[in-house]
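Notes to accompany the following structure.
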Amino acid sequence: MHKLAQLDHAHVWHPFTQMRDWLRREPIVIVGGQGAVLRDVKGREFFDANSSIWTNLHGHRHPKINAAIARQLKKIAHSSALGFANEPASLLAERLVAVANCQLPIANLTKASRRQPNWKLQIGNCKLNKVFFSDDGSTALEVALNLAYEFSRRTRGNKLPPKFLSLGGAYHGDTIGAVSLGHVDLFHKAYGGMLFKTDQVMSPFCYRCPFNRAKPERADAREYRKCDWECVGLVEKKFSAQKKKGNPFAAFVFEPLMQGAAGMIPQPSGWLRQVTDIAREHGALLIADEVMTGFGRTGAAKAESGKRKVETLFASHHEKVQPDFLCVAKGLTGGYLPMAATLTTQKVFDAFLGEYAEFKTFFHGHSFTGNQLGAAAALASLDILRTEKSARQRAQLQKYLHDELQALWPLPNIGDVRQVGLVAGVELVKNWRTRKPFALAERAGIRVCEAMARRGVLTRPVGNVIVLMPPYCTTPAQLRKMVSALREAVAETFPANAHG
Ligand SMILES: Cc1ncc(COP(=O)(O)O)c(C=O)c1O
């Protein structure tokens, strides 16, 4: 075993990992990367098929991000946001506000819009104006949660504690507030005693929806579903029931377009718009968790006004939803450095203003809040995203991904292939006709990912769902290899059914 692997085995405790399994085999020790490729200590190369757990946007060692970090290093790496402002964080906050309100056209898609760089996307009255920096997705959600809680307490006549509604199976992070907001059974069993109660409503999972009367087909279940939008009806019911209790939900928390760690669950077109309209009618704040979906991951959102189109970077905007809180992390720095942000409105901000002795201050923050290196990387990443080249690259990759994924349908152990933009989830089942799932203990997803790794493709499953989320720089040939490794790995893992 390589010396570094030995050291890892001796001392490193890995996240979300059964360490007994980990210690049974020699780990892949990554020492380098270039574009969509990772290189290990033995000189082997692997495709980074999940963008290093959904973080990397433009590929590894991107010259522009490298240069931005190097430039910043020549000035300073970090100074505290407690008591001081800094250059890149100020610039980044301004840029994030512009992007989040679609005031900054991202790679204009038509000649008309190119002539009108100041054209503004009409996304409602909810202007995101303030940025609270933090370090990871979980804390971005904690910040939104704490702000929404305190804002509601201060601005509603109601003395009852503010209540939150989120989606079944939701994962919003692993800190206590974020776990409480989420509905992952494993966590609630483990930490139940420490959590506070939030409510949940069925997520619109067409493939496994009890209201979908359509038989399984070899196509995305959203396309052939037969239902009467019962999932939207359930949201309405939840809001009405809570209102009757005299304490309407303070906030509705959601991942727009696709729930990630819940199992790559895509929402049928129109769901987000309908349920957020309901939430608004009931006076709830909207908290959009765009930790996974942000920065172009869910594809080109073309906001239209007449003939003009502008691309936006956020999934919520695909359905013209502008939240009160926008939580971003993972891809914010292009996947380079740990940095997150929670954007919110002037109205929320104002509720925390007061005389010092009133103690209306938002008591929250971390040592590395507004880190200068992270902010410099994020500015460079946003610069890249704004180029026409990047927009074109992403649109093409989305199409290639769609085309390549079609080759998976003939496999009987693949029940569903779902894609939203540049994210794909491939659900393994015992038999596609029955949709019967593998028990988690069978480790179906893990075994398929191990077989993919043997073929030089690295990703990590969410239960029985294999995730493909390539960096935006992935070439068609690289993408083809990722998908064929997945196809071969499924056939190898379930040989009896490989041709059945
Ligand atoms: C939607 C979503 N929210 C929050 C988080 C938590 O982010 P982090 O792991 O950076 O704390 C994740 C992580 O996967 C996520 O996918």
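Counting starts at 1 for both ligands and their atoms, following the listed order.
Heavy atoms of other residues, nucleotides or ligands lying less than 6.0 angstrom from CZ of Phe363 number more than 12.
For ligand 1 and Asp136, the ligand atoms under 4.0 Å from any heavy atom of the residue are 10 (O), 11 (O). Listed by number with element, the atoms of ligand 1 under 4.0 Å from a non-hydrogen atom of Glu255 are 1 (C). Distances below 4.0 Å separate heavy atoms of Gly173 from the following atoms of ligand 1: 4 (C), 6 (C). Distances below 4.0 Å separate heavy atoms of Ser138 from the following atoms of ligand 1: 6 (C), 7 (O), 8 (P), 11 (O). Within the listing of ligand 1, atoms 2 (C), 3 (N), 4 (C), 5 (C), 7 (O), 12 (C), 15 (C) sit less than 4.0 angstrom from a heavy atom of Val291.
Looking at ligand 1, you'll find an N or O of Lys330 within less than 3.5 Å of one of its N or O atoms. For Asp289, a nitrogen or oxygen atom sits less than 3.5 Å from a nitrogen or oxygen atom of ligand 1, counting backbone and side chain alike.
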- Are Arg447 and Glu450 close enough, and set up right, to give a salt bridge (Lys or Arg N to Asp or Glu O under 4.0 Å), and what steps lead you there? CA-CA 5 Å; Arg447 286 188 288 140; Glu450 286 169 354; over 6 Å; no
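Of all the heavy atoms of Trp54, the ones lying under 4.0 Å from any atom of ligand 1 belong exclusively to the side chain. The proximity of His172 to ligand 1, defined as any non-hydrogen pair under 4.0 Å, is limited to the backbone.
Using modelled atom types and a 3.5 Å distance limit, the side chains of Thr293 and Glu290 yield a donor-acceptor pair.
The protein non-hydrogen atom at the shortest distance from atom 8 (P) of ligand 1 is Gly137 N, 3.4 Å.
Taking the six-membered ring for Trp and thresholds of 30 and 60 degrees, His9 and Trp22 have ring planes more than 60 degrees apart, a perpendicular arrangement. Taking the six-membered ring where the residue is Trp, His183 and His188 present parallel rings, their angle staying beneath 30° rather than reaching 60°. Ring orientation note: the planes of Tyr191 and Phe187 are tilted relative to one another, at an angle of 30° to 60°.
At distances below 3.5 Å, at least one donor-acceptor pair connects side-chain atoms of Gln419 with backbone N or O atoms of Gln398.
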